[in-house]
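In what follows, a single structure is set out as structure tokens and then discussed.
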Protein chains: 2
Amino acid sequence: MSQTIEQKCITKGVKLTDQRKIIAKIMSEAQDHPDVDELYNRASKIDPKISIATVYRTVKLFEEAGILAKHDFKGSKARYEELIEDHHDHLIDIKTGEIIEFVDEDIEKLQKKVADKYGYNLVDHRLELYGVKKKS
Amino acid sequence: MSQTIEQKCITKGVKLTDQRKIIAKIMSEAQDHPDVDELYNRASKIDPKISIATVYRTVKLFEEAGILAKHDFKGSKARYEELIEDHHDHLIDIKTGEIIEFVDEDIEKLQKKVADKYGYNLVDHRLELYGVKKKS
DNA sequence: GTAGATGCAAAGTATTTGCGACAAG
DNA sequence: CTTGTCGCAAATACTTTGCATCTAC
């Protein structure tokens, strides 16, 4: 039973204001990886008085609380997505900007092995694939 | 017989000004991954009149010419390194900021396989490992 | 000689912050 | 009630750009 973003806020002791609820809802429902501007646009439709500063403050807060993940893909602004238990990496279509999420256990294992080889414990990683659709 | 950065400029038809020669030299000799500020500092010691704008223009030009690689590691400014034939990825020490370069052919192959699985041709990728040194 | 490069300062982006008003717990 | 949040606008950090001058080829 996975928690909603609002539930995670309560668990982590993050105060739930109206603005944060709006952002929580948008990110919960998002099927994509919106950037701050897009998030601000969507939030403004619900609460036209919300400030972009609040959006920035909230995504940062949520990121630090482990609720959202921030991605700085090449050639675009910072994008956010809800942080779910099962980790995944991203394949980015450089023509369309479409983002495909994938998981590859073998790559994960090899990454640990590489870190190990150099005497490191792997704390985090970033794997992004950039590609173009093959003609079918 | 690998070319120097200056030679690459000539090959690629990039005009060699004094400022560009300075930046080429610094990057050729760099054992690290300097950011623009650091590059500007090192360049200023050779030519105190060089402008930061020129440094920005030059790294961008070199990047587009395939002479330098730009890296946006998490939590730090854009860093540059000379682009060498043999590709490598990076392992970043999150305590010290030290950067270790590594190559893992198996991971490379698996990346291609993943892209392929989703119907993509892999054009580029980014793999960064973030770790802490193990106690020995 | 001429197209392109430089230095400077001003303008852009993306993001953060100080502050008085306001709201959640 | 009191601590923390919000909206606003100003500030910051990094990067780009317009323009007059200068330089590599």
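Reminder, nothing fancy here: chain letters follow the sequence lines and each chain counts from 1.
- Classification of the A/F73-A/H71 ring pair by plane angle, with boundaries at 30° and 60°, yields parallel.
- Rounded to whole Å, the distance from CD on B/E38 to C1' on D/dC14 is 16 Å.
- Summarising the geometry, the separation between NZ on B/K49 and C1' on D/dC22 is reported as 11 Å, rounded to the nearest angstrom.
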Output one line per pair: protein atom, nucleotide atom from nucleotides 17-25 of chain C, and distance, for all N/O pairs under 3.5 Å.
residue, atom, partner, partner atom, Å
C/dG18, O6, A/R57, NH1, 3.4

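- Side chains of A/K134 and B/D116 form a contact here, defined as non-hydrogen atoms less than 4.5 Å apart.
- In this structure, CD on B/E81 lies 11.0 Å from CZ on B/R79, to the nearest 0.5 angstrom.
- At a threshold of 4.0 angstrom between heavy atoms, the contacts of B/I50 are confined to the sugar-phosphate backbone, with no base atom among them.
- If you take CZ of B/R79 and P of D/dT15, they are 12 Å apart, rounded to a whole angstrom.
- Rounded to an integer number of Å, the gap from CD1 of A/I52 to P of D/dA9 is 14 Å.
- Residues B/Q19 and B/R57 have side chains not in contact (no heavy-atom distance under 4.5 Å, counting atoms from C-beta outward).
- Between C/dG7 and B/Q19, a contact under 4.0 Å exists linking OP1 or OP2 to a side-chain N or O.
- Between the NZ atom of B/K21 and the C1' atom of C/dT6 there is a distance of 15 Å, rounded to whole Å.
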Check against side chain to side chain contact (heavy atoms under 4.5 Å, CB included), B/V36 and B/Y80: CA-CA 8 Å; B/V36 170; B/Y80 291 85; 3.8 Å; yes
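- Around NZ of B/K25, the count of heavy atoms belonging to other residues, nucleotides or ligands within 6.0 Å does not exceed 12.
- Taking atom OH of B/Y40 as the reference point, atom P of D/dT15 lies 14 Å away to the nearest angstrom.
- Taking atom CG of B/D47 as the reference point, atom P of C/dA5 lies 17 Å away to the nearest angstrom.
- The separation between A/K70 atom NZ and C/dA14 atom P is 13 Å, rounded to whole Å.
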